[in-house]
Structures are given as C-alpha cells and as structure tokens.
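Below you'll find the structure, written out as structure tokens, and then a few comments.
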Amino acid sequence: MKAIQIKQVGPAEMLRWGDLEDPVPADDEVLVKHHAIGLNYIDTYHRSGLYTVPLPVVPGLEAAGEVVAAGADVTDFRPGDLVAYTDCMGAYAEYAAVPARRLVTVPEAVGTEAAAAAMLQGLTTHYLTESTYPIGQGDTVLIHAAAGGVGLLLVQRAKRKGARVIGTVSTAEKEQLAREAGADEVIRYTEKDFVTEVGALTNEQGCEVVYDGVGRSTFMGSLDCLKRRGMLVSFGQSSGNVEPFTPGLLAQKGSLFLTRPVLMDYVREPAELRQRSEELFAWLAKGELSLRIDRRLPLSEAAEAHRLLEGRKTTGKVLLLP
Ligand code: NDP
C-alpha cells in the first residue's frame, strides 16, 4: 500500500511518501480501507519530536472508511461496514489494522468523509464542553484560535449551550468565520491585548472558562481572563509548550482551576467512546454542528498540509485523501 512514514523527526519534509506492506489484522483487529484521513495539530508534534513516538512510524490518528477484513475474534464488524476511529496511530496510509474496540460505526446520514473530519476534533469538543467544563446557560466563554479545527466546533457548541462566546483569531478572514460559527465577540489577538479586551467586554468580571489550545503565547493571559474560581482548560500548544509556573499563582488570581486534559482519557473505554461518538454523529446528522472542510489534499501531499497548518494558513478541517 501507499503510506506516509516518519523515519526521523524534524520539519515537514520528514513526511516521506512510499510503499509499505499491507497490514494484516490480528484476531482482535479490523482491516480498514481509508476513504478520508483527518489532519490534526498533534500530527505536527509527532513529526517535529515535541511528542516522542517510536520510529519509524506511519503518523495520523484519525480516519474513516470501510471494513475489508476482520480478525477471527471480531464479532461487531463485517466487510462493507462503514467505520471511523481516532487515537490509533497509522492513519496516513491507504489501509490500517485497527483494534475493533477502537472503531465506531458511521451512520449513512453522516458518511465517511464527515466522520474522518469529526472524530478527533469533534470528540474533543464533546468532552471539553460536556465533561471537562460542562458549559451552562449564561456562562461567558473565551475560546482561543476560534477559527481553527477545534475552535469552530467549540464556538458552535458553546453558543448552542447558551453561553456568551468570545473568540480570538489572527486575521479578518478568521474573524468572519468565528462570527459565522456564532461568536458574539471576536478579538484579533495578534493586534490587540486580549486580556484588556476581555476585561472591557465583561465589565472587568472575566469568564467562567477559557479554552486554550494555543499554549505558550496565551497561557498566562488566559489566567487573567477568568472570574474568581474560573477554569482554564489548557488543551494544547500550537504556539509552543507552556512554561513551568507555581500553583500559588492560581491562588493569587482568584482560586482558579487548571486542567490539562487529553481526548484519550475521555474515550478510553469502548462504551464511552461509542456514547460520545453517537452523540457527536447525532449533532452532525441533525445539523446542530457544522463541519468546515477547509481543503482536501492528496495524502501524498501531507508535508504541504503540515506546512499550511503550522503556518496558520488553515481554518476548520483539512482532509488527506488516499
Ligand atoms: P487548529 O486548526 O486550531 O490550528 C492551530 C491554530 O492555532 C492556528 O490556526 C492559529 O490560529 C493558532 N495559533 C496561535 N499561535 C500559533 C502559532 N505560533 N503557530 C501556529 N498556530 C498558532 O488546530 P487543531 O484544531 O488541530 O488543534 C488545536 C489545538 O488543540 C492544538 O494545540 C491541538 O494540539 C489541541 N488539541 C488537543 C486535544 C486534546 O484532547 N487535548 C485534542 C485535539 C486538539 P490563529 O491564526 O487564529 O491564531
């Protein structure tokens, strides 16, 4: 099969296109022929070495497609079934052998392309807004990188749950997209100090919760945007790792809560993965959540996709097509 491999960490050029043996499913695995593969920011951390993975590796944590074969112990899936997965490494390929317990069935009303676009960022949005901090009616919510993949989904969910949504973005085009997704206020944090702006927008009261996937460049400011006893959900670092800091700072700034959640801890059990996926697919099927597919690129152009994502040139989702 054709696949992308990383043999050495480094810049986007380290993503090498070539031939690999077709995977053979173990007894508890399913062989999936990919229809579409999701690009995610975490893929750049694996490629750059920010997160360590054993090499060589076929990167990628999200795809959807059809079952072509199933191992001897698999009873839930049969050839022809439409399935999707996330958090199993090896998606940047034509085929993957995936443990059956990590697969979910894709409803026809959703389809495999939307499922590939939604599994990682959509499930992240689900757990962040329903479980990590269950957003309530009337909350004021700050969402950084509000026109990004996770950002546009967070804005829609927060709005639907009755929050007042403040987003940050870097450009006018991204501001427009964040507003279309439902943001009440949008701050261009590359031009203005977002802490001052949030203060002015909230009568110096601050927000109940800040969703911060940007990390290094926003983290300290995010703490200053919270109400007393508010929560900073630090879920990523597209601008680089957050510097170490003393927990006493959380006391000084108003008994704040800080969490650094990861998707895998919210979908580890198959029952929880399926329950969240079913709810996510229902939102999509009912039109309660819209996906913005920024572009589709051939899988062979994964390096270009990484350059665009790291260069802040994408909005919403980028799909790689095998
Ligand atoms: P995005 O589509 O949001 O892309 C990243 C965005 O970050 C950019 O578009 C840009 O938006 C913003 N950004 C700010 N500063 C920088 C910088 N210096 N370099 C690059 N980008 C910058 O990516 P994803 O939706 O895939 O992921 C968003 C974040 O969420 C990532 O940090 C990712 O790791 C994290 N994540 C965490 C999960 C978890 O469970 N913990 C799961 C999924 C994602 P702008 O130009 O508007 O500033």
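Whatever order the structure lists them in is the order used to number ligands and atoms, beginning at 1. Model, not experiment: these values are computed from the prediction. Only this structure's heavy atoms are used, side chains among them; waters, hydrogens and symmetry mates stay out. Throughout, residue positions are numbered sequentially from 1 according to the sequence presented.
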Worksheet item: Should Phe235 be counted as touching ligand 1, given the test is an N or O pair under 3.5 Å?
Response: yes
Item to complete: Classify the ring geometry between Phe235 and Tyr211 as parallel (under 30°), tilted (30 to 60°) or perpendicular (over 60°).
Response: perpendicular
Practice prompt. Determine the sole option in Val267, Leu82, Leu273 for which the side-chain contact (heavy atoms from CB on, under 4.5 Å) test with Val104 is passed.
Written response: Leu273
Worksheet item: So which bit of Leu120 gets within less than 4.0 Å of ligand 1, heavy atoms only: side chain, backbone, both or neither?
Response: side chain
Worksheet, complete the sentence: Contact region, His144 to ligand 1, non-hydrogen atoms below 4.0 Å, reads neither
Worksheet, complete the sentence: Under 4.0 Å between heavy atoms, the region of Val214 that gets near ligand 1 turns out to be side chain
Item to complete: Kindly confirm or rule out an N or O of Val262 lying under 3.5 angstrom from an N or O of ligand 1.
Response: no
Response to the item:
Among non-hydrogen protein atoms, atom 47 (O) of ligand 1 lies closest to Ser170 N, 3.1 Å
Worksheet item: Tell me: protein heavy atom nearest atom 39 (C) of ligand 1, and distance?
Response: Tyr127 OH, 3.3 Å
Worksheet, complete the sentence: From the list Glu279, Glu272, Glu278, side-chain hydrogen bond (donor to acceptor under 3.5 Å, both in side chains) with Gln275 holds only for Glu279
Practice prompt. Report yes if Ile42 has an N/O atom closer than 3.5 Å to an N/O atom of ligand 1; otherwise report no.
Written response: no
Discussion item. Give me the nearest non-hydrogen protein atom to atom 21 (N) of ligand 1 as residue plus atom name, then the distance to 0.1 Å.
Written reply: Arg312 CG, 3.3 Å
Discussion item. Is the ring pair Tyr92/His306 parallel, tilted or perpendicular, if the boundaries are 30 and 60 degrees?
Written reply: perpendicular
Response to the item:
Of Gly240, Ser239, Ala145, the one whose closest heavy atom lies nearest atom 6 (C) of ligand 1 is Ala145
Worksheet item: Nearest to atom 24 (P) of ligand 1, what protein heavy atom do you find, and at what distance?
Response: Gln121 NE2, 3.7 Å
Worksheet item: Any N or O of Thr168 that comes nearer than 3.5 Å to an N or O of ligand 1?
Response: no
Worksheet entry | Lys/Arg-Asp/Glu bridge criterion (N-O < 4.0 Å) met for Lys159, Asp184 | yes
Item to complete: Could you tell me whether Gly149 and ligand 1 have an N or O pair separated by under 3.5 Å?
Response: yes
Discussion item. If we set the cut-off at 4.0 Å for heavy atoms, which region of Ala147 has an atom near ligand 1: side chain, backbone, both, or neither?
Written reply: neither
Item to complete: Would you mind checking if Glu208 and Arg229 are paired as a salt bridge, meaning a charged N to carboxylate O distance below 4.0 Å?
Response: no
Worksheet item: Do ligand 1 and Leu263 have nitrogen or oxygen atoms that lie under 3.5 Å from each other?
Response: yes
Worksheet item: For ligand 1, is there an atom lying under 4.0 Å from some heavy atom of Gly151?
Response: no
Discussion item. Assess whether a salt bridge exists between Glu180 and Arg292, defined as any Lys/Arg side-chain N lying under 4.0 Å from an Asp/Glu carboxylate O.
Written reply: no
Worksheet item: Looking at Asp224 and Lys253, does any basic side-chain N land under 4.0 Å from a carboxylate oxygen?
Response: yes
Fill in: Non-hydrogen side-chain atoms of Arg274 and Ser277 separated by less than 4.5 Å
no
Worksheet item: Can you find a non-hydrogen atom of Met264 under 4.0 Å from ligand 1?
Response: no
Discussion item. Does the Lys NZ or Arg CZ of Arg157 fall within the cation-pi geometry relative to Trp283 - under 6.0 Å from the ring centre and within 45° of the axis?
Written reply: yes
Response to the item:
Looking only at protein heavy atoms, what sits closest to atom 28 (C) of ligand 1 is Val150 CG2, 4.3 Å
Worksheet item: Does Thr124 approach ligand 1 within less than 4.0 angstrom via side chain, backbone, both or neither, non-hydrogen atoms only?
Response: side chain
Discussion item. Strictly below 4.0 Å, N to O, side chains only: are Asp19 and Lys2 in salt-bridge contact?
Written reply: yes
Worksheet item: What is the nearest protein non-hydrogen atom to atom 9 (O) of ligand 1, stated with its residue, atom name and distance?
Response: Lys174 NZ, 3.4 Å
Practice prompt. Please report which non-hydrogen protein atom sits nearest to atom 13 (N) of ligand 1, along with the residue it belongs to and the distance in Å to one decimal place.
Written response: Ser238 OG, 3.4 Å
Discussion item. Does Arg78 have more than 12 heavy atoms from other residues, nucleotides or ligands lying within 6.0 Å of its CZ?
Written reply: no
Worksheet item: Which atoms of ligand 1 are found less than 4.0 Å from any heavy atom of Glu310?
Response: 19 (N), 20 (C)
Practice prompt. Look at Arg296 together with Glu113 and state whether they make a salt bridge at an N to O cut-off of under 4.0 Å.
Written response: yes
Discussion item. Could you check whether Lys33 pairs with Glu94 (Lys NZ or Arg NE/NH1/NH2 to Asp/Glu carboxylate O, under 4.0 Å)?
Written reply: no
Worksheet item: Looking only at heavy atoms, is any part of Lys313 under 4.0 Å from ligand 1, and if so is it the side chain, the backbone, or both, or is it neither?
Response: neither
Fill in: Interfacing atoms of ligand 1 (cut-off 4.0 Å, heavy-atom, Tyr45)
31 (C), 32 (O), 33 (C), 34 (O)
Discussion item. Between Glu175 and Arg179, does any side-chain N to carboxylate O distance fall below 4.0 Å?
Written reply: yes
Worksheet entry | contact_flag Tyr266 ligand 1 heavy-atom lt 4.0 Å | no
Worksheet item: So which protein heavy atom does atom 27 (O) of ligand 1 come closest to, and at what separation?
Response: Tyr41 CB, 3.7 Å
